[in-house]
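To keep things clear, I will list the structure first and then write my remarks on it.
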Amino acid sequence: MTEVDQAAPARPRVKAAGPGGWLGRLGEVRHLGLVAALVLLAIVGLVTRPENFATASNLVSILALASTIGVITVGMTFVIIGGGIDLSVGALMALASVWATTLATQSYGPVVIIVCAVLVGTGAGLLNGILIAYGRMVPFIATLAMMVAGRGLAQRMSDQRTQLVQQDNSMIVSLSTTRVLGLPLLVYVFALVVLLGWLLLNRTTFGRRTYAVGGNPEAARLAGIDVRRHTLMLYALSGLCCGIAAVLIMARTTTGSSTHGDLYELDAIAAVIIGGTLLSGGRGTIIGAILGLLIFTVITNLFILNGLNTADQLIAKGAIIVAAVLLQRRTLKTPT
Amino acid sequence: MTEVDQAAPARPRVKAAGPGGWLGRLGEVRHLGLVAALVLLAIVGLVTRPENFATASNLVSILALASTIGVITVGMTFVIIGGGIDLSVGALMALASVWATTLATQSYGPVVIIVCAVLVGTGAGLLNGILIAYGRMVPFIATLAMMVAGRGLAQRMSDQRTQLVQQDNSMIVSLSTTRVLGLPLLVYVFALVVLLGWLLLNRTTFGRRTYAVGGNPEAARLAGIDVRRHTLMLYALSGLCCGIAAVLIMARTTTGSSTHGDLYELDAIAAVIIGGTLLSGGRGTIIGAILGLLIFTVITNLFILNGLNTADQLIAKGAIIVAAVLLQRRTLKTPT
Amino acid sequence: TSNEPAATQQASAPAAAPVAKEGNDAPGEKVVIGFSAPAADHGWIAAISKNAADAAKQYTDVEFRPVEPTNDINQQISAVESLIQAKVNVLVILPNDGQQLNQVSRQAMDAGIPVVNVDRVFPDKLSYRAWIGGDNYGMGVAAGHQIGKTLKDKGVSNPVILEIQGIATLPLTQDRSRGFADALKTYGFTVTAQQDAKFTVESGTQVATNLLQAHKKIDAIWNHDDDQGIGVLAAIKEAGRDEFFMVGGAGSANAMRDIQADSGVLKATVTYPPTMAASAIKIARLIAQGKGMSDLLEQQVPQSITLASETITKDNAAQYLPLGFES
Amino acid sequence: MPRPPSDSSSLLVMRHIVKQFPGVRALDGVDLEVRAGEVHCLLGQNGAGKSTLIKILSGAHEPDEGEVLLGGAPVRLAPPTAAMGHGIATIYQELDLVDGLSVTENIFLGHEPATFGFSRRAEADRATAALLKRLGHGEIRPRAEVGSLSPAHKQIVSMARALSHSARLIIMDEPSAALDHDEVGNLFRVIRDLTSQGVAVIYISHRLEEIREIGDRVTVLKDGRTVAVGLAAKDTPTSRIVALMTGRDVEYAFPPRPARGAHEGRPEVLRVENLTLPGRFADVSFTIRAGEIVGLAGLVGSGRSEIIEAIYGARRPGGRVVLDGRTVRPGSTTRAVRMGMGLAPEERKTQALLLDHSVAHNITLASLSRYTRPRWLGRLDRRAESAEAERLSRALDIRPPDPRRPIRTLSGGNQQKAVLGRWLAEDRKLLLLDEPTRGVDVGARTELYALVRRLADDGIGVLLVSSEVPEVLGLADRVLVIREGRIVHEAPAGDLDEHRVLDLVMVSTAENPSLEGARHD
Ligand SMILES: Nc1ncnc2c1ncn2[C@@H]1O[C@H](COP(=O)(O)OP(=O)(O)OP(=O)(O)O)[C@@H](O)[C@H]1O
Ligand SMILES: Nc1ncnc2c1ncn2[C@@H]1O[C@H](COP(=O)(O)OP(=O)(O)OP(=O)(O)O)[C@@H](O)[C@H]1O
Ligand SMILES: [Mg+2]
Ligand SMILES: [Mg+2]
């Protein structure tokens with residue numbers, strides 16, 4: 001075999017595709033589209049509201065707004081790359097926030113509140129994973145059921161009331177009110193989750209296997225990957241993110257409520273997909289998803305800065321989504 | 001079509017046995033599972049509310065409730081089998097209902113109202129199709145944009161108000177109030193749409209090509225099918241169904257409103273998927289989708305009859321969905 | 001203000017107030033009351049459902065039959081249809097949208113089942129026997145006067161006044177906004193910006209966060225709903241802003257406590273009492289039993305009862321606190 | 001550069017066809033000339049451009065340069081409907097069927113018999129039954145779902161689809177890759193039938209014996225160029241063809257086998273006891289010793305793949321599997337891999353590859369934990385990973401030699417090498433190879449054979465399934481003959497020859513006239 005190696009002439013018609021070959025370039029180009037969309041929105045902001053848009057406090061606001069759903073988006077990115085979908089994220093966040101703000105839980109202090117939120121989120125995510133990986137349910141249906149039941153349980157626990165975070169536990173709220181270097185703590189939490197998510201996805205075997213499980217589950221299984229256990233972990237991870245997001249939403253709204261996170265699943269999925277992740281799994285990036293999310297957040301911010309009413313906001317939002325996507329004009333294979 | 005055609009997704013490794021092999025049996029079993037779930041729910045109904053559940057008027061009520069979303073589900077089945085997804089259905093129904101009940105439109109009488117609703121639905125569906133087939137946008141995003149913009153436009157046209165169907169046009173309302181053989185006319189409309197949809201999917205080249213376009217677009221292209229045009233038509237078809245559903249909702253509520261059809265997309269998609277259609281396309285049946293929808297409707301009806309509170313309803317609904325799916329326990333390939 | 005009926009008070013705290021065993025509250029023939037309301041995903045609506053159930057529980061002669069609360073018109077129609085089929089004696093309906101439920105309510109009336117319409121009114125008078133509800137326009141007016149007067153007293157000219165609505169597509173929201181604008185006009189003021197926040201805490205936070213960025217200096221905010229107000233207040237606190245004052249809406253206990261403590265920007269709230277549901281149950285029972293309201297001279301229950309919107313400030317918060325609903 | 005003559009007998013002439021893909025010039029001036037009624041073989045190494053060329057012929061790709069003459073007149077073949085309109089039908093290398101549709105619907109996809117859009121299903125079913133019968137497979141039901149068929153049957157359906165167009169030129173891209181010996185005979189009967197009616201066939205295969213048997217003339221491609229045209233298929237020496245394809249002299253031979261009994265004293269790597277999967281196979285017992293290559297011979301559908309998968313833990317059979325003295329609990333491939341097994345599955349595309357991922361990622365998929373440090377964190381040492389991928393891709397001569405390319409853009413044979421490479425990255429005790437040379441070219445085959453033998457010499461046990469009897473006989477030390485899910489014969493490879501194996505394999509086919517008639521002789 002070795003002597004054959006030397007005999008084989010380098011194929012002249014293969015263009016040298018060094019490190020960062022065309023795939024790499026494509027990756028850059030894809031994100032470039034999103035960045036361009038963001039820049040365009042920023043220009044619109046600067047032109048229409050020069051005095052408001054580019055202020056530090058507005059940018060902080062945008063980041064703070066993006067934090068909650070951003071954490072959820074990180075988990076969602078994993079699930080979708082792994083070939084699944086999680087419709088329950090908003091409901092799980094609500095459930096975790098309610099569970100963590102019951103009087104009983106609150107009596108144990110802020111640390112227990114946080115632990116409780118995270119555990120509830122992860123636990124419910126695990127249940128999703130069990131239904132999907134071992135109960136062989138379609139992810140869409142399993143997480144839909146979880147979404148419905150999760151909200152119901154949240155309503156039941158809270159007796160359909162909004163539960164305030166109490167004075168004693170104001171440490172939770174300080175995540176939102178305390179600032180370090182001008183940024184509220186929750187923005188750091190968000191950044192940390194993104195960073196950890198990025199490392200997990202791009203620098204570990206877990207991340208690599210996630211792509212494999214989503215891209216071709218049969219091949220992954222035959223290559224010795226425990227696809228079920230991996231799937232289970234993906235949903236648990238998404239649940240964990242919901243738990244963290246619950247802490248952030250408690251900090252921001254000072255409440256736990258069964259109405260928190262309404263339609264977050266749609267926003268998170270949309271952000272992930274705008275960010276270039278295929279709904280069919282096996283591809284995608286965290287950076288893209290976060291950029292997609294920022295686009296959504298900036299759009300809303302711009303609308304309110306400009307005082308658009310809801311109807312016009314909706315129309316403009318639809319148009320901007322189309323424009324942003326056409327801007328990055330991906331040439332996927334035959335569209336369906 | 002034979003049962004075998006619509007049978008469960010085959011594991012690539014599993015090779016068929018003789019006529020009516022296990023795949024064929026599974027196909028039957030799948031619908032059996034749904035029917036069994038329905039029967040079970042009916043038994044629950046008979047046991048808990050013997051005096052109310054099995055009355056003719058209650059069954060009529062269930063059918064009437066299922067009609068609107070049922071028509072939408074038929075269109076959704078086509079789109080999903082064709083490898084796409086349509087998140088805009090609820091919004092398009094709302095838009096069509098609003099457009100058709102503006103004073104200007106109403107002045108032309110009921111026929112124009114109906115034509116207007118159908119045209120608006122189909123037109124918006126066409127736009128979806130253009131964005132997806134020719135703009136190469138991911139269906140999730142394109143129809144999400146349409147959903148957002150459609151609601152916005154509906155709000156704008158109606159000035160966020162509810163528009164009454166006027167006395168002169170009460171012919172529309174009579175679709176809901178006039179009964180033939182004990183059933184309101186709109187149930188017949190629903191039945192007709194299901195029948196036509198079934199014929200289109202199972203007995204025409206269009207229908208069979210839909211499976212090809214969804215199951216293996218590249219193969220479809222190589223077989224000379226114009227995949228793009230076909231995709232376009234699928235979304236237009238879904239839009240058409242939304243237009244028809246708009247007429248039914250106008251009949252039932254006597255109004256056009258931008259709030260109609262809220263979250264119908266989720267219900268329709270869930271019904272289609274519970275009915276055994278793969279979200280990845282290429283497989284599925286209309287009968288399954290309608291059975292799935294009926295399950296949802298009967299669940300709701302049972303709740304109404306038993307007077308559960310919201311929280312418990314939601315929890316029960318989630319549990320029932322899981323139970324129904326585990327009942328039909330599909331052996332998909334490695335789940336993700 | 002005129003209307004602080006003992007009846008309302010009683011309804012809100014049924015356990016506390018002893019039920020009179022004579023007069024209208026004396027047990028009569030057995031009646032089945034069907035009840036349909038939107039889904040309780042919000043403090044005020046939750047209070048509605050709860051008040052109705054509690055009021056019904058007071059009477060041994062009432063069988064309370066609530067149906068699935070839903071936010072989908074189509075389903076609410078089915079729910080009411082199922083109650084008609086179940087041949088209840090009287091219906092209490094808080095529709096998602098009065099116009100859209102008009103037809104099915106008319107069917108009930110035609111079938112001989114009287115309908116008590118709560119809050120969101122049916123356009124067709126033949127569709128209900130009695131209506132009881134809040135005064136949305138009046139609520140806007142009250143808030144407008146509170147803000148207009150305060151600013152006038154301070155001598156502010158060209159004030160920046162923001163309005164955070166609930167669900168923009170509801171007629172009640174539009175009535176409130178109209179009343180608000182009309183009242184402000186009398187002071188020569190206008191609303192600077194208006195956004196809707198879907199009646200949820202979280203949406204309140206988000207909208208307020210962005211609004212605070214859009215307006216560097218604000219004089220007053222009217223927030224339609226105290227439930228979403230918790231979120232609005234959280235956003236204000238996070239932004240560290242306090243140059244303005246805020247008026248709430250609906251009258252939650254929480255808001256009243258805040259007003260009483262006078263610790264933040266929330267200085268007043270205008271009520272929209274969910275006790276109307278309890279009153280509606282009582283009225284429904286009377287109608288079904290063919291009675292009148294014993295405090296009134298008429299032999300029959302009146303056709304229409306509009307509750308006044310009160311303005312609660314630091315001064316009278318203590319008095320109203322028992323009436324506030326827990327959000 | 002040889003020029004094809006375009007005399008009047010030429011049905012098809014392609015001149016100087018160029019096709020460029022991002023980063024690759026797949027075709028760099030190809031000439032082809034095909035006559036009516038002939039079987040024209042297209043030869044070339046993996047990645048030479050054969051499939052690309054025929055995709056241009058079928059209208060799936062548009063050429064960047066060059067012209068195509070059909071019956072003397074220049075034609076444009078894209079989109080596929082245009083090619084079909086010109087009487088060109090194609091059987092693609094990658095199965096291009098729609099799993100969710102029935103056999104009939106697949107065959108008539110795009111040209112369904114229909115009235116006002118309503119398909120005439122009974123008529124189509126009848127036509128399908130007739131086509132399948134003509135192909136010797138009357139047992140495939142027209143209404144059966146294609147997704148439920150075996151790869152071989154799918155190949156038959158693809159063929160029936162090509163025949164359903166009344167074509168004057170039929171292109172077959174490695175049609176025999178999924179077929180066993182017997183089926184191939186059947187296929188040849190059909191081809192002869194076609195050519196006798198004046199239909200031209202372009203035939204692509206990596207099995208040179210087949211070229212000899214069915215081919216009339218041969219065109220050889222190398223690196224996207226035509227290097228030889230119109231060679232006589234029957235009597236051009238193999239060495240010359242191979243030299244043209246590879247540009248060098250390759251010994252097309254099997255590596256030397258160790259002496260008989262050489263494995264006697266060595267430890268048992270695998271012991272299989274009474275393995276049974278009802279309806280698939282029963283009572284399968286055998287052992288493999290360290291350094292031994294054991295071949296499974298049998299017909300398509302005899303259960304070989306399923307036996308392999310059962311050993312690997314992908315199925316839950318009855319019986320016992322012992323690897324290196326430890327019992328393998330059934331039902332988990334993860335455990336099997338951890339214990340030291342590796343599988344190169346039968347269907348590359350659906351069972352082995354992450355098509356969107358790079359060659360490197362595909363190679364390292366099963367050995368990821370080797371590149372972690374620290375291990376408990378699961379952090380990937382990406383430099384170590386890519387170095388390993390680079391090393392293996394060079395060792396296997398995967399082309400183009402850039403492990404960063406998406407594996408989707410590689411030719412089938414090169415993809416197969418990457419799949420094998422996956423198991424070379426780790427120390428294995430047992431390799432299970434299911435049709436390892438399917439779609440692999442002559443040069444690479446020889447390399448793969450040598451590689452497998454070398455792995456065995458290093459002490460690995462190998463279980464080999466191949467539908468090519470000579471391959472099993474040439475490479476294995478011991479052969480198990482499987483018929484209908486049972487081992488019917490076991491012997492050292494040296495004691496068997498092709499005829500003996502075929503007899504053993506097919507005893508029961510005597511009752512099946514369609515197969516009998518197709519018996520290869
Ligand atoms: N869609 C594509 N994009 C990029 N490169 C491609 C594409 N299709 C083929 N190629 C490249 O073109 C060259 C020719 O490939 P082709 O499939 O025609 O080879 P082949 O002769 O059929 O090989 P095999 O015998 O393995 O099937 C290869 O280098 C391949 O990597
Ligand atoms: N021609 C056929 N007729 C009937 N059943 C078949 C046929 N081919 C495959 N099968 C099915 O496949 C099963 C065995 O397939 P398996 O793949 O294990 O065999 P194989 O010998 O590996 O064949 P292949 O060469 O296709 O891989 C059989 O039990 C049968 O159900
Ligand atoms: Mg090829
Ligand atoms: Mg096999």
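Residue numbers start from 1 in every chain, and the chains themselves are labelled A, B, ... in the order their sequence lines are given, proteins ahead of strands. For clarity, every value in this text was computed on a predicted model and none was experimentally measured.
Of the listed residues (A154(B), A142(B), G318(B)), the greatest number of heavy-atom pairs within a distance under 4.5 Å of chain A belongs to G318(B). Your options are D312(A), L131(A), D159(A), V79(A), and the one with the most heavy-atom pairs under 4.5 Å with chain B is D312(A).
In the model, S258(A) has no side-chain atom that pairs as donor or acceptor with a side-chain atom of Q155(A) under 3.5 Å.
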*Would you sort out whether D86(A) and V89(A) count as a side-chain contact (heavy atoms from CB on, under 4.5 Å), showing the intermediate values?*
CA-CA 6 Å; D86(A) 190 350; V89(A) 286; 3.8 Å; yes

For Y235(B) and I132(B): C-alpha separation, side-chain torsions, deciding distance, then whether side-chain contact (heavy atoms from CB on, under 4.5 Å) applies. CA-CA 9 Å; Y235(B) 286 93; I132(B) 292 161; 3.4 Å; yes

Exercise. Assess whether side-chain contact (heavy atoms from CB on, under 4.5 Å) is satisfied between V138(A) and L279(B), documenting all intermediate values.
Key: CA-CA 9 Å; V138(A) 187; L279(B) 205 46; 5.7 Å; no

- Item | side-chain contact (heavy atoms from CB on, under 4.5 Å) between M157(A) and T102(A), worked out | CA-CA 8 Å; M157(A) 292 193 76; T102(A) 55; 4.1 Å; yes

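With a threshold of 4.5 angstrom between heavy atoms, L153(A) approaches chain B through its backbone and through its side chain. Both the backbone and the side chain of T310(A) have a heavy atom closer than 4.5 Å to some heavy atom of chain B. For M147(A), the part sitting under 4.5 Å from any heavy atom of chain B is the side chain, from C-beta outward, and nothing else.
Contact of the Y134(B) side chain with the L232(B) side chain is registered, since non-hydrogen atoms from C-beta on lie closer than 4.5 Å.
Below 30°, between 30° and 60°, or above 60°: for H230(B) and F206(B) the angle between ring planes is below 30°, a parallel geometry.
For residues 263-270 of chain A, the interface with chain B (any heavy-atom pair closer than 4.5 Å) comprises L263(A), L266(A), I269(A), A270(A), sorted by residue number.
Every residue two or more places apart in sequence or in another chain that forms a salt bridge (Lys or Arg N to Asp or Glu O under 4.0 Å) with R209(B) is listed here: E112(D).
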